[in-house]
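Computed over heavy atoms, backbone and side chain alike; hydrogens, waters and symmetry mates excluded.
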Amino acid sequence: MNMSLRWYGPGYDTVTLEQIRQIPGVRGVITTLYGTQPGEVWEREEIRSLKKTVEDAGLSILGIESVNVHDDIKTGAKDRDRYIDNYITTLERLGEEDIHMVCYNFMPVFDWTRSELARKRADGSTVLAYNQDIIDKIDPEHMRESIEAMSAGYVMPGWEPERMGRLADLFAMYREVDEEKLFSNLVYFLEAIGPVCEKYDIRMGIHPDDPAWPIFGLPRIITDKAHIEKFLKAVDKPYNGLTLCTGSLGSNQNNDIPGIIEAAKGRIAFAHVRNLKYNSDRDFEEAAHLSFDGSMDMYKIMKTLYDTGFDGCIRPDHGRAIWGEDAMPGYGLYDRALGAMYLQGLWEAIRKNG
Ligand SMILES: O=C(O)[C@@H](O)[C@@H](O)[C@H](O)[C@H](O)CO
Ligand SMILES: [Fe+2]
């Protein structure tokens, strides 16, 4: 198990590599070229310079989150092959720079969705939260205004202003795309990138849908154990893997995360481990990583990862905003560093107990 932290790159992140370097046990980061648009080919020089920046700080790049997939690929539009070729070139360049894990998602229009980015908890911390009644009242094509008002000027992953300015067009693109079509477009994409992944030993980790059910009438395909099993079987190769995101899958309170870990044994390319607190079947908020701050059994999750032989990279996921830190919602230093230590503590105890 390799503990890491997500880092958005120079100019985007409030957390520095020097700070990350001081979190015990964290030897590498998960990063990206945050300024690139889905569909663009990544420049070799930019990848190299990112790598140098990380390595000069005494860390390494453990993987990329994300190389985003263009909507033409997701919808199967006529230009998809051109965008797939671009994706392949990017993977080739990453492989040449010795980068072997890539996280991506196949969610239509929106990446993760929340109704609040700063809900106050009893301890005074603030967290991202989801309430279905609020979401039901939002006109999705105006989600931009809601997110802008909530995110205090930060550019949120998956909520880039460029995309949010095209919401009506994006919705139109998905009008004819149902669950089945989205799934077959995903399989088409994965089969096309297979050779480059195999050549450079790149493991692709699809990120589950967050929340793990269809929203705004858009289909969702990576939501639970049955869908994940179907996905892994459809392209039954080691390069086709899962990013096990406990918070995203756990948004559906019926999902049994340890059961999903067992079902995806050997195919978990990357793990995002975080905890949620369920308030009702229509409301949850993010919690500290510690089991009893939320509703999830973090020990059992880490134990199942250990018992199934997980040997990939793991990162704490969204943290609470605490101690007055001013950071991108979910991505401050303090609470994620606490999370990294807690998860490593669990892992050490599990390992020593055999
Ligand atoms: O919730 C988050 O912040 C992340 O887990 C996702 O945005 C994730 O990076 C993407 O879905 C992967 O493409
Ligand atoms: Fe995640």
Which of parallel (below 30°), tilted (30 to 60°) and perpendicular (above 60°) describes Tyr306 and Trp347?
perpendicular
Lys/Arg N to Asp/Glu carboxylate O, Glu262 vs Lys265, below 4.0 Å
no
Taken in chain and number order and not counting sequence neighbours, the residues that satisfy salt bridge (Lys or Arg N to Asp or Glu O under 4.0 Å) with Arg336 are none
Side chain proximity check, Glu97 to Trp42, heavy atoms < 4.5 angstrom:
no
Roughly how far, to the nearest 0.5 Å, is the CG atom of Leu305 from the CE atom of Met302?
6.0 Å
Working to the nearest 0.5 Å, report the span between CG of Leu338 and CG of Leu333.
9.0 Å
Taking Ile261's backbone N and O only, do any of them form a donor-acceptor pair with Thr304's side chain (distance below 3.5 Å, no angle check)?
no
Which word best sums up how the rings of His70 and Tyr83 line up, parallel for under 30°, tilted for 30 to 60°, or perpendicular for over 60°?
parallel
Is any side-chain heavy atom of Met298 closer than 4.5 Å to a side-chain heavy atom of Leu346?
yes
Using a 4.5 Å side-chain heavy-atom cut-off and chaining through intermediate ILVMFWY residues, the residues clustered with Met101 come out as Ile30, Leu62, Phe270
Distance in Å, Asp133 CG paired with Asp283 CG, rounded so as to fall on 0.5 Å steps:
8.5 Å
How about Tyr239 and Arg203: do any of their side-chain heavy atoms sit closer than 4.5 Å?
no
Ring centroids only, cut at 6.0 angstrom: are His207 and Tyr104 within range, meaning strictly under it?
no
Does Arg121 have any salt bridge (Lys or Arg N to Asp or Glu O under 4.0 Å) partners at least two apart in sequence or in another chain, and if so, which?
Glu285, Asp293
Using 4.0 Å as the upper bound for N to carboxylate O, is an ion pair formed by Asp317 and Arg315?
yes
In terms of side-chain geometry, is the basic nitrogen of Asp210 or Arg274 positioned less than 4.0 Å from the acidic oxygen of its partner?
yes
